[in-house]
Undergrad: 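I'd like to ask you about the structure that follows.
Predicted, not measured: the structure shown is a model, and the values here were computed from it.
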Amino acid sequence: MSNNTKQNVYEFEQYFCTKKLKDNLKNHSVRGGSITLLQQLSKLILQIGATMILARMLTPEDYGLVGMVKATTGFIELFKNLGLNTATIQREEINHQQVSTLFWINLGVSVVCTVVAIAIAPVIAWFYGETRLVSITLALAVCFISSGLSTQHGALLSRQMRYRTIAIIDLLAQVISLGIGIIAAWFGLKYWALVLITVSHSIILALEFWLQCGWRPGFPQWSQDIKAMLWFGGGLTSTNIINYLTRNLDNILIGKYWGAQELGLYSRAYQLLMIPLISINAPLRIVAVNTLSRLVDSPERYRKTYLRMLEKIIMVTMPFVAFLVVTSDWMVLILLGPKWSAVSDIFRWFSFSAFVQPIEYTTGWLLISQGRTWEMFRFWLFTGAITVASFVGGLPWKSSGVAAAYSITGLLINTPLQYWFIGRSGPIRTRDFYQVSRPSLFATACVFLVLLAFRHSVTISHPLFGLVIAFILSVGTAWLAFAVLPAGRVALQDWQNLLTLIVKKQPKN
């Protein structure tokens, strides 16, 4: 066997082949999920700490200025990947030539995105009537190139379930970029501190992915398989566009009609709530899509695996959201400080939508792993129109009105529609969502009532002390609520089994 052939076989086994993972898929998935959760817990602590520090050195206007730009550049960013990183992860079989072609497509589109961002910088400044936005936009445009260079490297690491490596890369980038931002804020660079966090994080991630993934791209080569992956990625990108518009049009409208100060308050409230939820969902999405994609040909095993994942997620997130709703004023005071007190009402309204958002996030796993990206696009287009209407309806009442309209619409209209849509085809049925949610909904209601009683009956001298007691009450109440239900006891036992598996089974990546 020639050296060239040996190298090709090595690359195939090292980066592209997933057959060896199927033999121990459960352990790889459980271990990957546990590593991801630990990573996100560490990342969450870092983000909360940085938020507490930066909120005391920066102003709502600083956050509002960067938020105005990100609402636009974030939209352009949706095109740089074209969903091709997910196509690499989701596809059953893939090779060096195909990934190389996807790499050059990603890089080419990233260059185009950079040029577009630079070209529209004056337009963004004109739209908001703020000249400082030109320089902010030009600086953030750098992120497109660095991201395009590393998209396929990150996807290959994910495809091989090298979650520990990914976790280390992400945490290292987070620590360094947040450190740079805090130092910049300390020296009085104001909103530039937030820009530096974003830019440095993107560059560090790209460098680390190239260092940790030994694969290097070859020359592009067109094939029918590339066309199929572009079609898959096109459906995913189209869905992401709709999703992005519905989740960011509120920022654009508030920034346009109520200014940077109001947008700064609104964006802080949303981020405070979404940091823990998105921090859990974003990396778990990689683990889940990877795992479910390997099980598409086994519907019953697919169904049980997904429902088991969903059950564990909402057992944690739903009671936690109840804790956030009742203690929102304390949370804002501790994390942001007194000058951000207006965030509390906005934060509380957002919290109501967060009860079901973790479930909403996971439905994307189903459609992506089943290759139903264009179905997902058509449905998100419909529900996105409903969400946009809610933004417009709530806009006269400033940030609080938009947050209230968004939460009520999502909870009462979009969520039931989503359950129905997913259940029309595939292994998961509409009733599965309601059945798996019952124990968590019961536990959440118990936590909510206990905390309300605590807030109305006990006088607390310091918000931090109150938060600690409320958190302990939340954990204890949730555990007891699960323990009194038969389904809850089964779920708690499953948690114990999973922890035992994590401790005893340590297969190498």
Side-chain angles (χ1 to χ4, degrees), residues 51 54-55 57-79 112-144 181 184-185 188-199 202 241-272 274 336 339-343 345-347 349-350 384 387-406:
T51 297
L54 290 169
M57 292 192 285
L58 303 177
T59 66
E61 184 183 37
D62 293 326
Y63 284 96
L65 289 170
V66 177
M68 288 173 175
V69 174
K70 283 190 173 183
T72 306
T73 57
F75 176 75
I76 301 172
E77 189 175 1
L78 295 174
F79 295 90
V112 172
C113 289
T114 303
V115 173
V116 171
I118 292 171
I120 67 170
V123 179
I124 296 173
W126 166 81
F127 179 77
Y128 289 108
E130 177 54 73
T131 57
R132 288 175 290 181
L133 301 185
V134 173
S135 55
I136 296 174
T137 306
L138 295 178
L140 291 177
V142 175
C143 300
F144 296 127
L189 294 184
K190 297 183 178 180
Y191 55 86
W192 283 109
L194 302 175
V195 175
L196 286 172
I197 290 174
T198 302
V199 173
S202 177
I241 290 171
I242 298 301
N243 192 40
Y244 183 86
L245 287 174
T246 56
R247 292 186 182 277
N248 287 273
L249 186 60
D250 49 350
N251 292 321
I252 294 173
L253 291 173
I254 291 172
K256 172 66 176 176
Y257 291 100
W258 295 109
Q261 176 79 13
E262 192 71 19
L263 177 58
L265 296 172
Y266 184 83
S267 63
R268 285 301 86 196
Y270 186 78
Q271 188 181 42
L272 273 184
M274 291 302 153
L336 302 181
K339 68 180 179 183
W340 295 85
S341 58
V343 167
D345 287 339
I346 309 169
F347 181 82
W349 274 116
F350 271 137
T387 302
V388 169
S390 74
F391 293 155
V392 175
L395 191 60
W397 293 272
K398 294 188 175 181
S399 299
S400 293
V402 174
Y406 168 75

Undergrad: Report yes if some heavy atom in the side chain of Leu194 is under 4.5 Å from a heavy atom in the side chain of Leu65; otherwise report no.
TA: no

Undergrad: What's the shortest heavy-atom distance between Ala193 and Gly181, and which atoms?
TA: CB-O, 3.3 Å

Undergrad: Provide the closest heavy-atom pair for Met68 versus Gly255 in the form atom of the first, atom of the second, distance.
TA: CE-O, 4.0 Å

Undergrad: Under the salt bridge (charged side-chain N to carboxylate O under 4.0 Å, His left out) definition, can you give me all pairs with a residue in residues 112-131, not counting sequence neighbours?
TA: Glu130-Arg132

Undergrad: Tell me the closest heavy-atom pair linking Ala139 and Trp192, and the distance in Å.
TA: CB-CZ3, 3.7 Å

Undergrad: What heavy-atom pair brings Val343 and Leu265 nearest, and what distance separates the two atoms?
TA: CG2-O, 3.6 Å

Undergrad: I'd like to know whether Thr59 forms a side chain to side chain contact (heavy atoms under 4.5 Å, CB included) with Asp62, so could you lay out the CA-CA distance, the side-chain angles of the two residues, the decisive distance to 0.1 Å, and finally the verdict.
TA: CA-CA 5 Å; Thr59 66; Asp62 293 326; 3.2 Å; yes

Undergrad: With Ile124 as reference, evaluate Ile136, Leu133, Val134 under the side chain to side chain contact (heavy atoms under 4.5 Å, CB included) test and give the passing residue.
TA: Leu133

Undergrad: Would a 4.5 Å heavy-atom cut-off, applied to side chains only, mark Tyr406 and Trp349 as touching?
TA: no

Undergrad: As a test of understanding, state which of Val66, Val142, Leu140 forms a side chain to side chain contact (heavy atoms under 4.5 Å, CB included) with Thr198.
TA: Leu140

Undergrad: For Leu54 and Ile197, what are the C-alpha separation, side-chain angles and deciding distance, and is it a side chain to side chain contact (heavy atoms under 4.5 Å, CB included)?
TA: CA-CA 11 Å; Leu54 290 169; Ile197 290 174; 3.8 Å; yes

Undergrad: Do Tyr63 and Tyr266 have ring centres separated by under 6.0 Å?
TA: no

Undergrad: Output the distance between atom NZ (Lys190) and atom CE (Met57), rounded to the nearest 0.5 Å.
TA: 13.5 Å

Undergrad: What's the separation between atom OG in Ser400 and atom CD1 in Ile346, rounded to the nearest 0.5 Å?
TA: 4.5 Å

Undergrad: To the nearest 0.5 Å, how far apart are CZ in Phe144 and CD1 in Ile118?
TA: 9.5 Å

Undergrad: Kindly indicate, with the supporting measurements, whether the criterion side chain to side chain contact (heavy atoms under 4.5 Å, CB included) is fulfilled by Leu395 and Tyr257.
TA: CA-CA 9 Å; Leu395 191 60; Tyr257 291 100; 3.8 Å; yes

